[in-house]
Amino acid sequence: MPRKVDYGFRYEDDNYDVYEDYDYDYADDYDYEEEENGIAPVTKAKQEASRTGVWRCPICTYDNENSMSACDICGVLRNPLVKVNNKGDTAAVGGICKDSGASVMAMSLFASSPQHMAKMPILFEAQKSVSSTDDHLNFHKDGNFRGTFQEFNSAFSSQNHHKVNIAAFKFDAPSPDDLVSNGLRSVKSKSKGEDSRGRGTNFLVESELAANGLVSSSTSVTRERHNGVEENDSTSGSGNKPETFNTRMDTESLPSKSGKARSIIERKTESISQYIPEKWMTPNNKDDGLSQLNLAIVGHVDSGKSTLSGRMLHLLGRISQKEMHKYEKEAKQQGKGSFAFAWALDESAEERERGITMTVGVAFFTSRKYHVVLLDSPGHRDFVPNMISGATQADAAILVVDASMGSFEAGIDAIGGQTREHAQLIRSFGVDQIIIVVNKMDVVEYSKERFDVIKQKLGTFLRSCGFKDSSILWIPASAMENQNLVANPSEARLSWFKGPSLLDAIDSLQLPERDYSKPLLMPICDVIKSQSQGQVTACGKLESGAIRTGSKVLVMPSGITATARSLERDSQLCNIARAGDNVTVNLQGIEGNQVTAGGVICHPDYPVQVTNRLQLKILVLDISTPIVMGSQLEFHIHHAKEAARIVKILSLLDPKTGNTTKKSPRCLLAKQNAIVEVVLQGPVCVEEYSSCRALGRVFLRSSGRTIALGIVTQVIKREE
Ligand code: GTP
Ligand code: MG
């Protein structure tokens with residue numbers, strides 16, 4: 001069953017107020033282009049709810065107050081807006097919405113039978129037109145073929161793209177300037193056998209840190225140890241007995257005893273270079289089975305993320321027929337029949353009643369190549385903080401867009417579109433492989449023209465975010481009609497598509513490199529407390545290092561040591577979890593209030609840094625109000641959120657070279673790169689980006705919008 005991750009951003013919370021003023025203004029900002037795209041406009045209609053004082057949205061069926069002129073959930077206008085386009089034709093938005101709306105969807109629910117579920121392994125059926133041009137793909141004797149993400153991509157992507165001249169913020173690559181000024185150092189480091197991970201990140205920052213003695217210069221000892229590892233261990237399997245412990249992480253040789261807080265946890269940074277992982281901490285491919293792939297499902301509200309996730313889980317046997325019938329029945333009873341698959345992920349009463357995801361749903365399925373951890377994000381603008389917190393764990397992402405007329409355009413809209421915001425965020429999480437699922441193709445009659453228009457428009461934007469064409473895979477699909485999900489489409493109208501099914505596309509993704517050689521760091525995304533049994537369980541993804549049953553760990557920021565009593569991976573007990581694994585850790589010897597979402601579980605000898613003052617390198621997004629000294633913001637880092645204030649704007653940077661172009665500017669405008677200093681209301685667990693990317697990425701938000709993306713260049717001593 002899916003696990004819900006609740007980050008605490010709810011309507012009841014005080015912080016909701018700030019989002020309330022944030023409104024879509026489609027009438028001004030949005031052009032409907034159905035005529036241009038070759039899709040005939042459909043008849044206009046408006047669906048009112050039977051309850052008085054409310055009107056029902058024809059797209060998402062949410063009951064809006066009569067005072068609302070547009071749907072509070074999906075932004076669709078209440079009254080048909082008649083737009084006169086260039087050709088002088090008229091098109092009714094309401095009509096468009098209705099055709100793609102709930103009644104049709106409800107009728108088609110379960111129309112296609114789930115026995116389309118393919119037998120493992122899922123293979124992509126070879127198409128003549130493709131096979132003739134793409135010999136490099138790996139053909140199977142049965143006429144299907146397998147391939148990597150890049151192979152699929154190059155085989156099926158069209159080559160004629162429009163290029164946009166926007167310099168993307170390089171989170172994962174040094175600027176040319178950094179390379180030149182630090183070339184000597186980087187060469188030297190590499191020749192010493194330095195771990196290449198993180199080396200290509202921010203050389204300028206790194207050299208500054210090195211000058212301050214804050215960064216280690218070599219992990220060569222670590223590597224030598226890796227090579228000799230032959231230990232036979234297993235990362236999963238409920239039947240395995242806990243192992244015996246004789247390692248440093250498992251012994252009591254800790255500065256403080258379990259249950260006692262350290263008054264000051266001072267970080268001895270230089271000692272990280274001396275860290276040597278133990279044998280069991282590095283994977284042994286022979287016995288470890290499938291690797292975990294953390295896959296974030298993101299996209300604009302109502303694009304069909306939860307329906308797609310629920311449908312995949314059902315097709316792959318993770319949701320039984322019986323459970324599915326239950327969801328279907330309950331959803332129908334609440335008048336939300338079309339949401340039956342989404343209910344598998346949207347578990348809370350409020351989510352179901354409103355028909356939107358509010359907290360990230362976590363579920364698992366197994367593909368031919370991976371244990372996939374699905375992170376089903378909320379698409380509604382009010383829950384972007386939750387999306388950030390969940391999707392920050394992603395190794396790769398599926399961006400779901402709604403193909404129906406008007407809906408895609410709403411998602412890509414510069415002001416209120418979460419397609420845009422999510423794509424930018426996902427890229428800044430370091431995710432560089434993305435699958436675009438153009439969903440609800442049934443609504444547009446599986447039109448190739450519509451698919452191509454979406455691909456062209458969204459592709460242009462994705463390139464401006466820094467996604468490479470070779471890392472984007474485009475899949476037309478219908479979650480509702482089960483087209484192109486785990487098998488190639490059975491729908492004749494989709495026969496023009498020669499690419500892989502969604503499941504094949506997932507299998508073609510590559511795992512990012514994992515930080516096995518560094519000490520344990522596991523940002524806590526959720527805490528489950530069982531008062532009756534006095535148990536505390538922390539959930540999250542290991543960003544570096546490893547943990548096993550019986551390990552002593554340090555829980556920050558409380559500074560309490562505890563023991564990992566048991567571990568769960570993919571909802572199954574396991575003995576060991578390593579970097580990249582998404583696990584729940586049952587902790588012993590610690591109180592519930594000492595473990596918090598936003599905290600970090602770390603190696604007892606290598607505590608994560610904790611501070612409330614940071615220097616950041618940021619990229620300002622499209623903002624209308626400049627950022628000035630004293631600007632109050634919302635600061636997001638991994639699973640933590642704090643109120644923040646800009647206390648210094650140190651310099652403006654050239655986006656191409658990274659050179660300082662101006663010192664101490666008075667304000668920051670859209671698209672500018674800058675170095676700033678922020679002070680947070682409360683302390684957060686943080687690392688410089690150069691030493692741990694996941695703990696060094698930040699997002700600045702204001703009035704319900706992400707206004708800047710950034711990386712931590714310096715952790716400044718905490719202000720008391
Ligand atoms: P949020 O989590 O709130 O952002 O929404 P979501 O993206 O998870 O969308 P959800 O899965 O809740 O679906 C929204 C509506 O779209 C539901 O009524 C679904 O039945 C409908 N829907 C999803 N996929 C399809 C599809 O392929 N075709 C059609 N016609 N409707 C779909
Ligand atoms: Mg959802």
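In listed order, ligands and their atoms are each counted from 1. Just so we're clear, the structure is a prediction, and the values are computed from it rather than from any experiment. Numbers for residues simply follow the sequence, beginning at 1.
- Note on ring orientation: taking the six-membered ring where Trp is involved, the planes of Phe699 and Phe429 are perpendicular (angle over 60°, cut-offs 30° and 60°).
- Judged by the shortest distance from any of its heavy atoms, Ser303 lies inside the 4.0 Å radius around the atoms of ligand 1.
- Between the side chain of Lys641 and the main chain of His636, no donor-acceptor pair closer than 3.5 Å is present.
- Nearest to atom 29 (C) of ligand 1 by heavy atom, out of Asn439, Val437, Asp442, is Asp442.
- A salt bridge links Arg701 with Glu421: the closest approach of a Lys/Arg side-chain nitrogen to an acidic carboxylate oxygen falls below 4.0 angstrom.
- The contact set between ligand 1 and Gly379, taken as ligand atoms under 4.0 Å from a residue heavy atom, comprises 1 (P), 2 (O), 4 (O).
- Gln292 and Asn582 share no donor-acceptor pair across their side chains, judged by distance under 3.5 Å alone.
- Of all the atoms in ligand 1, the ones that sit under 4.0 Å from a non-hydrogen atom of Val301 are 3 (O), 4 (O).
- When non-hydrogen atoms are compared, ligand 1 lies under 4.0 Å from the side chain of Val443 (C-beta onward) but not from its backbone.
- Selection from Gly355, Gly304, Ser306 by nearest heavy atom to atom 9 (O) of ligand 1 gives Gly304.
- Salt bridge present: Asp402 and Lys440 bring a charged side-chain N and a carboxylate O closer than 4.0 Å.
- Ion pairing between Arg450 and Glu409 holds under the 4.0 Å rule for side-chain N and carboxylate O.
- Salt bridge Asp469/Arg463: present, at least one basic N to carboxylate O contact under 4.0 Å.
- Between the side chains of Ser367 and Asp507, at least one donor N or O lies within less than 3.5 Å of an accepting N or O.
- Using bins of under 30°, 30° to 60° and over 60° for the plane-to-plane angle, the ring pair Phe451/Trp496 lands in the tilted bin.
- Comment: Arg569 engages Asp581 in a salt bridge, judged by a side-chain N to carboxylate O separation of less than 4.0 angstrom.
- Where the criterion is an N or O separation shorter than 3.5 Å, residue side chain and backbone included, Ala479 meets it with respect to ligand 1.
- For the pair Glu481 and ligand 1, the shortest N or O to N or O distance does not fall below 3.5 Å.
- Each of the following atoms of ligand 1 lies closer than 4.0 Å to a heavy atom of Ile356: 3 (O).
- Taking distance alone, with nitrogen or oxygen atoms compared against 3.5 Å, Thr357 approaches ligand 1 more closely than that limit.
- Comment: Arg493 does not engage Asp442 in a salt bridge, judged by the lack of any side-chain N to carboxylate O separation of less than 4.0 angstrom.
- Ligand 1 has no N or O atom lying under 3.5 Å from any N or O atom of Asp376, backbone or side chain.
- For the Mg ion (ligand 2), the set of protein N/O/S atoms nearer than 2.8 Å consists of Ser306 OG, Thr357 OG1, ordered by chain and number.
- Ligand 1 has a nitrogen or oxygen under 3.5 angstrom from a nitrogen or oxygen of Met480.
- Put simply, CD1 on Ile707 and CG on Asp622 are 12.0 Å apart, with the number rounded to the nearest 0.5 Å.
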